[in-house]
Amino acid sequence: MTSQGYYDLLDAFQQSGCALCQRLRHDEKQYLSSLLYEYVTEWDVHQAMRAARGFCARHAAQLKSTGEGVLGIAVLYVTALDEVIKTLDAAPVDTPILKRLSGQSAGTTLSAKLENVRDCPCCHAMHAAEGRYLDMMVAGLAKSDFLAAFQQSNGVCLPHLRRWLPLISDAHQLKQVVLHQQSVWASLKAELQLFIAKYGADWQGEPIGAEGDAWARAIISLAGNLPNG
Ligand SMILES: [Zn+2]
Ligand SMILES: [Zn+2]
């Protein structure tokens, strides 16, 4: 049986940029929204907020920028702050904080206790989602519709290519992925070179066209999943 996620992935290959990044950006928005509107009272969500000391910077920025579900955010952050406050409460504040205790300063020990012991809940969910998409992308290489969609796409970003390649055991499929990525990046490099040439004072040909945003596409293609695509 082919899941809905598979067809969403095929659709994403028709958009510009890495299909897997697009799906994950969609999924993380959906995750955060359902967390805020449906799960803010769940015990295990609160345990996750304690262990993670709130969301990571990426997902915190997304939460903050939407300006939605602020009551849910407040409820979750009461718990996250409570954990941090309790940790500070347990600190040996009566002794000089920088006093050396068993070879390590009290400040170093406290700093380690403040460190999150679990990933941000959204990162954790997206890591699992990424694994499922990568499995689909490996199985998909044996299907003509997937292969056609990939070969007509702008390829995947470098971080996702690096995660995909080790999972492909078929040598022929591996070669097809590599050849397409090579051609995508060779075209992008040529666009950058054309953009640079046209930017120069000596250029007398056509004005800057589609290659005008090649620099932005290059950044995304090598960095992967940026918060705002
Ligand atoms: Zn990607
Ligand atoms: Zn995160």
Side-chain angles (χ1 to χ4, degrees), residues 5-6 8-36 39-40 44-66 68-69 72-73 76-77 79-81 83-84 114-138 140-141 146 149-168 177-178 180-185 187-188 214 216-229:
Y6 174 75
D8 290 335
L9 199 54
L10 287 193
D11 285 346
F13 275 125
Q14 291 176 23
Q15 316 295 319
S16 121
C18 171
L20 186 40
C21 283
Q22 288 176 57
R23 290 314 305 160
L24 291 174
R25 273 200 303 279
H26 168 275
D27 290 357
E28 67 192 351
K29 267 189 206 135
Q30 206 162 54
Y31 174 89
L32 290 172
S33 159
S34 86
L35 185 78
L36 292 180
Y39 299 106
V40 282
D44 55 350
V45 171
H46 283 260
Q47 289 307 108
M49 286 300 283
R50 283 187 187 280
R53 283 75 160 120
F55 290 91
C56 70
R58 171 191 177 86
H59 293 125
Q62 285 180 351
L63 274 183
K64 189 168 171 286
S65 70
T66 63
E68 291 171 4
I73 294 173
L76 292 176
Y77 274 85
T79 297
L81 277 173
E83 182 69 20
V84 173
L114 288 167
E115 185 100 9
N116 53 316
V117 293
R118 264 164 72 177
D119 276 347
C120 146
C122 191
C123 281
H124 183 75
M126 290 310 106
H127 188 69
E130 186 179 67
R132 288 193 296 274
Y133 284 123
L134 284 167
D135 286 345
M136 286 178 206
M137 287 166 63
V138 173
L141 288 171
F146 178 90
F150 172 64
Q151 287 175 331
Q152 285 158 25
S153 77
N154 295 312
V156 293
C157 67
L158 180 60
H160 282 140
L161 181 67
R162 291 188 58 229
R163 272 165 226 158
W164 191 14
L165 291 179
L167 305 174
I168 305 169
V177 170
V178 169
H180 183 58
Q181 281 296 146
Q182 262 181 328
S183 95
V184 163
W185 280 328
S187 302
L188 185 54
R217 285 181 280 126
I219 290 174
I220 295 167
S221 191
L222 294 191
N225 208 355
L226 302 188
N228 299 308

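Counting starts at 1 for both ligands and their atoms, in listed order. Numbering of residues begins at 1 and proceeds along the displayed sequence. Keep in mind that what you see is a predicted model, and the values were worked out from it rather than measured.
- By the 30° and 60° cut-offs, the orientation of the rings of Phe146 relative to Tyr6 is parallel.
- To the nearest 10 degrees, the Zn ion (ligand 1) sees SG of Cys21 and SG of Cys157 at an angle of 110°.
- Taking the Zn ion (ligand 2) as the apex, the angle formed with SG of Cys56 and ND1 of His59 is 100°, to the nearest 10 degrees.
- Paired with Gln62 under the rule side chain to side chain donor-acceptor pair (under 3.5 Å), one option of Arg25, Lys29, Glu28 passes, and it is Glu28.
- Side-chain atoms of Val45 and Val40, non-hydrogen and from C-beta on, never get closer than 4.5 Å to each other.
- Of the angles at the Zn ion (ligand 1), the one spanning SG of Cys18 and ND1 of His160 is 110° when given to 10°.
- Contact between Ala125 and Tyr31 at its shortest, heavy atoms only, is CB-CE1, 3.5 Å.
- The Zn ion (ligand 2) has an N, O or S atom of Cys123 under 2.8 Å away, backbone or side chain.
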